S.K.: 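Supplied in structure tokens, the structure appears directly below.
In this text the structure is predicted, and so the values were computed from the model without any measurement. Sequence lines set the chain letters: A, B, ... in the order given, protein chains first and strands last, and positions in each chain run from 1.
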There are 2 protein chains.
Amino acid sequence: MSPPNTRETIIDAAMAIVREQGVNKLTLDAAAKVAKLSKGGVLYHFKSKDDLIRAMVQRMIDSCDALHLEYYAQEPEGPYRWARTVVRTAFDPRGPSGDPVGGALLAAVTVNPDLLAPIHAKFAEWIERVESDSPNPALAALVCMAMDGYVFERMLKLPLCNDESCERIKQQALELLK
Amino acid sequence: MSPPNTRETIIDAAMAIVREQGVNKLTLDAAAKVAKLSKGGVLYHFKSKDDLIRAMVQRMIDSCDALHLEYYAQEPEGPYRWARTVVRTAFDPRGPSGDPVGGALLAAVTVNPDLLAPIHAKFAEWIERVESDSPNPALAALVCMAMDGYVFERMLKLPLCNDESCERIKQQALELLK
DNA sequence: TTTACTATACCGACCGGACGGTATATGGCA
DNA sequence: TGCCATATACCGTCCGGTCGGTATAGTAAA
């Protein structure tokens, strides 16, 4: 786990700050301190705060894409294969709801909504993909919407279900997609 | 629609700013300008920015509660009555996904996550209520989660379905709750 | 004259970003 | 091998602007 390049370390730090202290605590200084270097050092790797957040968003997208591929491969063929993949990705701790990622959305929307543009594009792509193999697109869309709700609730630390209850919801979602 | 008291006008202004310009543009000055008074005027009515956001959150809660009551009365008796109420509320333009409300969440979470406390409490209440009349709590929870996803996607201006597609999703949700 | 409300002026803190400088590593070249 | 040149990575400091909040003076109605 030795960080070969500092860039990733800084992104990690920024994510951690958003997650543990809230978006408003994400400053270049704070990120620098957590990543154990100076603000100047951070600005060497990212030419602006927007740039840093762009990188956070990109990492989130890449992470989701990777999980999608991984789960899609495991998922049996048939209708709703992509929708089921989305469900499994959403509940994966490495995914958008998990610790590492997730805060990127919050950071982007608060600092500069334009930074969401890559997400918008990806989202459209994912939606299209899900609908492409869903006999009932409305049902698939509803389930995917619920996955967004899950991410959302984690972001806001809303009192969502305990682990066991979440597992039941996940199973329920998969049940609907058979 | 004559504003009887200035407080409501200021809250309206704050909501509008979050919605139209983004959270980071919500400053006391900006809110004052939109509400057509001075910053001093705003601080007369709200002793701090946190106080203003608390009021925004409270309005959102009240609005949702009111809609819940309204739709619950209209909804036929039987299982999943509360879950169906949540669905109708979520899609109501006066509700959390609509123009007036919604941005309150964003404002709270970015400025000071503690301001979400009232939401947490309300949320727990709503969840409990939904589960109380749902034969399959996991299904009801899933659908409610999707409603949160809907709100979330609107907040982030994600490329969600067009009106007609959303209507189908709404009908799909109600279909599952029969 | 008190109350309710508004406007102006200002302070202090914070933050993003710019900049000059520094240490190390690498590489050509004589 | 010794010497200079350059690139990479990073530090510390400073500046300009913004924003929340305070203090205070003013005004209009009751």
S.K.: Going by the rule ring pair (Phe, Tyr, Trp, His ring centres under 6.0 Å), which residues pair with B:Tyr44 if we only count those two or more places apart in sequence or in a different chain?
M.R.: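 For B:Tyr44 there are no ring pair (Phe, Tyr, Trp, His ring centres under 6.0 Å) partners, ignoring immediate neighbours.
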S.K.: Can you pull every protein N or O that's under 3.5 Å from an N or O on nucleotides 6-9 of chain D?
M.R.:
| unit_1 | atom_1 | unit_2 | atom_2 | d |
| --- | --- | --- | --- | --- |
| D:dA9 | OP2 | A:Tyr44 | OH | 3.2 |

S.K.: Could you identify which residues of residues 22-29 of chain A place a heavy atom less than 4.0 Å from some atom of DNA chain C, listed by residue number, or say none?
M.R.: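 Hits under 4.0 Å, by residue number: A:Leu26, A:Thr27, A:Leu28.
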S.K.: Please enumerate all residues that pass salt bridge (Lys or Arg N to Asp or Glu O under 4.0 Å) together with A:Lys122, with sequence neighbours excluded.
M.R.: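 For A:Lys122, the residues satisfying salt bridge (Lys or Arg N to Asp or Glu O under 4.0 Å) (neighbours in sequence not counted) are A:Asp65, A:Glu125.
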S.K.: Side chains of residues 140-149 of chain A: which donor-acceptor partners sit under 3.5 Å, not counting sequence neighbours?
M.R.:
none

S.K.: Kindly state each residue pair satisfying ring-ring contact (aromatic ring centres under 6.0 Å, His included) with at least one member in residues 151-170 of chain A, sequence neighbours excluded.
M.R.: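 Sorted result for residues 151-170 of chain A: A:Phe152-B:Phe152.
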S.K.: Which residues satisfy the side chain to side chain contact (heavy atoms under 4.5 Å, CB included) test with A:Glu167, sequence neighbours excluded?
M.R.: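 Testing A:Glu167 for side chain to side chain contact (heavy atoms under 4.5 Å, CB included), a comparison that skips the adjacent residues, returns A:Lys170, A:Gln171.
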S.K.: Not counting sequence neighbours, which residues clear side chain to side chain contact (heavy atoms under 4.5 Å, CB included) with A:Asn162? List them please.
M.R.: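 With neighbours one apart ignored, the set is A:Glu164, A:Ser165.
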S.K.: Within the 4.0 Å limit for protein heavy atoms, which parts of nucleotides 22-30 of chain D are touched? Write it as a string from 5' to 3', B for base, S for sugar-phosphate only, - for none.
M.R.: B--------
S.K.: Please tabulate, one pair per line, all N/O donor-acceptor pairs under 3.5 Å involving side-chain atoms of residues 128-136 of chain B, not counting sequence neighbours.
M.R.:
| unit_1 | atom_1 | unit_2 | atom_2 | d |
| --- | --- | --- | --- | --- |
| B:Arg129 | NH2 | B:His68 | ND1 | 3.4 |
| B:Ser132 | OG | B:Arg129 | O | 2.6 |
| B:Asp133 | OD2 | B:Arg81 | N | 3.1 |
| B:Asp133 | OD2 | B:Trp82 | N | 3.0 |
| B:Ser134 | OG | B:Val130 | O | 2.7 |
| B:Asn136 | OD1 | B:Ala138 | N | 3.1 |
| B:Asn136 | OD1 | B:Leu139 | N | 3.2 |
| B:Asn136 | ND2 | A:Gln172 | OE1 | 2.9 |

S.K.: Partners of A:Glu70 by side chain to side chain contact (heavy atoms under 4.5 Å, CB included), sequence neighbours excluded?
M.R.: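 Checked A:Glu70 against side chain to side chain contact (heavy atoms under 4.5 Å, CB included); matches are A:Leu67, A:Gln74, A:Arg94.
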S.K.: What is the distance from CD1 of B:Ile10 to P of C:dA4, rounded to the nearest Å?
M.R.: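 To the nearest whole Å, that distance equals 16 Å.
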S.K.: With sequence neighbours left out, write down each residue that passes side chain to side chain contact (heavy atoms under 4.5 Å, CB included) with B:Leu43, or none if nothing qualifies.
M.R.: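 Checked B:Leu43 against side chain to side chain contact (heavy atoms under 4.5 Å, CB included); matches are B:Leu28, B:Lys39.
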